[in-house]
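What follows is one structure encoded as structure tokens, with my remarks underneath.
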Amino acid sequence: MLKYILQDIMSNKPNIEVASVESHEMSLYILRLTIAGKQGVVYDKSTLRPMPFRSTEHIREALKECDVAHAELIHLSPYDEMIGNPKSERAMVLPFSMQNQT
């Protein structure tokens, strides 16, 4: 999987086919992008680690200059494991609006 550097995405403003926002724990999101048919995770240039977004608004702000054809929120629930059930591999995929709703 490719590594997309957030700072490069923000300056180059590519056409994004799919923006997948993965919800991990409370207030922690990882962003996967598909650009020109190639999927990759968004990384921070300074740490060379996946960029931790602390809110969905942070993601909207980072991609506000980009053309995003489709966006989705992917939520994996930790609750099965919390009650002793096997980890569920089923993810809830919801539409994600790139527009600020306020």
Could you check if a side-chain atom of [X] sits within less than 4.5 angstrom of a side-chain atom of [Y], using non-hydrogen atoms only?
| X | Y | value |
| --- | --- | --- |
| C66 | P14 | yes |
| R32 | Q39 | yes |
| S23 | I74 | no |
| S20 | L31 | no |

According to a 4.5 Å side-chain heavy-atom criterion applied to Ile, Leu, Val, Met, Phe, Trp and Tyr, with indirect links allowed, do [X] and [Y] form part of one hydrophobic cluster?
| X | Y | answer |
| --- | --- | --- |
| M51 | M10 | yes |
| V93 | V18 | no |
| I59 | L94 | yes |
| Y29 | M98 | yes |

- request: Would you give the length of the straight line joining atom CD1 of I35 to atom CD1 of I16, rounded to the nearest 0.5 angstrom?
  value: 5.0 Å
- prompt: Hey, what do you get for CD1 (I5) to CG (L2), rounding to the nearest 0.5 Å?
  reply: 10.5 Å
message: Can you list everything that forms a side-chain contact (heavy atoms from CB on, under 4.5 Å) with E65? Sequence neighbours excluded, please.
response: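 Scan of E65 (side-chain contact (heavy atoms from CB on, under 4.5 Å), adjacent residues dropped) gives K13.
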field: Derivation and outcome, side chain to side chain contact (heavy atoms under 4.5 Å, CB included), residues T56 and H58
entry: CA-CA 5 Å; T56 54; H58 186 195; over 6 Å; no
- request: Check Y4 against L33 and note the closest heavy-atom contact, atom names and distance.
  value: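 Answer, listing the atom of Y4 first, then L33: CE1-O, 3.5 Å.
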- prompt: Of all heavy-atom pairs between A71 and V68, which one has the smallest distance, and what is that distance?
  reply: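 Minimum heavy-atom separation between A71 and V68: CB-CG1, 4.2 Å.
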message: Both conditions, 6.0 Å and 45 degrees, for the charged tip of R60 above the ring of F96: are they met here?
response: yes
message: Between E17 and A69 (side chain of the first, backbone of the second, donor and acceptor by atom type, cut-off under 3.5 Å), is there such a pair?
response: no
task: Sorted by first residue and then second, give each side chain to side chain donor-acceptor pair (under 3.5 Å) pair with at least one member in residues 41-50; sequence neighbours left out.
output: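 Listed by first then second residue: Q7-D44, D44-S46.
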